[in-house]
Trainee: 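I have a structure here, written as structure tokens, and I will follow up with some questions on it.
Remember, it's 1-based here, ligands and their atoms both numbered in the order they're listed. All heavy atoms count here, side chains included; hydrogens, waters and symmetry mates do not.
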Amino acid sequence: MEVLGIDIGGSGMKGALVNTITGEMTTKRFRVPTPPSRKPKEMARVIQEIVEHFNYKGPIGCGFPTIVKHGVCKSPGNLDPSWLNVNIHELFSETTGLPVTVINDADAAGYATMNYGIGKGKKGLVVMITIGTGLGSGMFLDGELIPNFELGQIPYKEYDKIELWAANSAKEREGLSYKKWGKRFNKFLSLVEIITCPDLIILGGGSSKDFEKYSECITIDTPVIPSELQNHAGIIGAAAAALHQAPKD
Ligand code: BGC
């Protein structure tokens with residue numbers, strides 16, 4: 001079945017149709033910059049724009065960059081604070097007139113990687129880390145998602161959360177080289193390793209495609225590999241979640 005998957009990030013909102021049996025995108029990705037306000041109404045309008053672009057009617061899966069419990073935003077992350085406690089599932093379903101399933105964006109990316117990608121069949125504890133505006137994390141035990149792990153929220157030095165120091169947005173904001181940023185990212189991974197003791201870490205999000213530029217900085221013991229789905233994983237996993245995840249309410 002073809003389902004519209006939408007990956008919502010702090011800087012871009014991306015959609016594509018996805019074959020949920022093979023996990024392949026059947027259209028090109030359509031990207032709209034996230035409205036600078038990052039507020040509910042403006043972002044809902046972009047969801048509608050993406051639906052119209054594909055002239056789509058059917059279930060939609062959305063990866064959303066905050067904690068999402070039963071379709072509700074439980075911590076606005078890098079979005080506008082007015083998202084807190086908004087029922088995203090209802091807002092997007094009402095705006096589009098279509099059924100929308102919403103899960104955390106890193107959970108969605110992990111879901112794609114574990115079901116269609118490099119994580120398929122991997123046993124034990126696998127952590128998916130997405131590198132973008134924030135640092136997202138998706139946890140899988142023997143292939144089963146444990147939702148809403150928020151490893152990017154670990155406080156670090158003077159920062160309220162380590163993603164402010166080690167996400168791709170910090171690299172861009174401070175104009176860091178891959179080498180300098182890679183050391184920070186390795187520090188983040190070393191904390192992930194201490195806290196979760198994973199068997200494997202898989203990287204996704206925009207920066208995963210440049211892995212060879214900073215791989216030498218990654219010195220932790222746990223194996224770290226980039227997802228071959230790169231930043232398409234969020235779209236693919238969101239689409240799959242629309243069919244396979246438990247209903248929102
Ligand atoms: C949010 C996470 C999200 C990550 C990546 C963080 O700021 O707290 O929920 O997965 O950004 O978008």
Trainee: For a side chain to side chain contact (heavy atoms under 4.5 Å, CB included) with Leu191, tell me which candidate from Ile220, Leu151, Ile162 qualifies.
Mentor: Ile162
Trainee: Under 3.5 Å, is there a donor-acceptor pair between the Thr95 and Gln48 side chains?
Mentor: no
Trainee: Considering only heavy atoms, does Asp105 approach ligand 1 within less than 4.0 Å through its side chain, its backbone, both, or neither?
Mentor: side chain
Trainee: Looking at atom 9 (O) of ligand 1, what's its closest protein heavy atom, distance included?
Mentor: Glu150 OE2, 2.6 Å
Trainee: Which class fits the ring pair Tyr178 and Trp181: parallel under 30°, tilted 30 to 60°, perpendicular over 60°?
Mentor: perpendicular
Trainee: Can you tell me which residue and heavy atom of the protein come closest to atom 4 (C) of ligand 1, and the distance to 0.1 Å?
Mentor: Gly136 CA, 3.7 Å
Trainee: Can you tell which of Gly63, Pro65, Ala108, Ala106 gets a heavy atom nearest to atom 1 (C) of ligand 1?
Mentor: Pro65
Trainee: Tell me which part of Ile67 gets within contact of ligand 1: side chain, backbone, both or neither, using heavy atoms under 4.0 Å.
Mentor: backbone
Trainee: Polar contacts were defined as any N/O atom of the residue lying under 3.5 Å from an N/O atom of the ligand; does this apply to Thr130 and ligand 1?
Mentor: no
Trainee: Just by distance, do the side chain of Ser227 and the backbone of Ile202 share a donor-acceptor pair under 3.5 Å?
Mentor: no
Trainee: Distance-only, no hydrogens or angles: does the Asn186 side chain make a donor-acceptor pair with backbone N or O of Thr219 under 3.5 Å?
Mentor: yes
Trainee: Check whether the side chains of Asn148 and Lys69 place a donor and an acceptor atom closer than 3.5 Å, and report yes or no.
Mentor: no
Trainee: Parallel, tilted or perpendicular, judged at 30° and 60°: which one describes the rings of Tyr156 and Trp165?
Mentor: tilted
Trainee: Suppose I only count heavy atoms of Thr66 and a 4.0 Å limit; which atoms of ligand 1 are within that range?
Mentor: 9 (O)
Trainee: Indicate yes or no: does an N/O atom of Lys161 lie under 3.5 Å from an N/O atom of ligand 1?
Mentor: no
Trainee: Closer than 4.0 Å to some heavy atom of Asn104 - which atoms of ligand 1 meet that?
Mentor: 2 (C), 3 (C), 9 (O), 10 (O)
Trainee: Enumerate the atoms of ligand 1 whose separation from the nearest heavy atom of Glu163 is less than 4.0 angstrom.
Mentor: 6 (C), 7 (O), 11 (O)
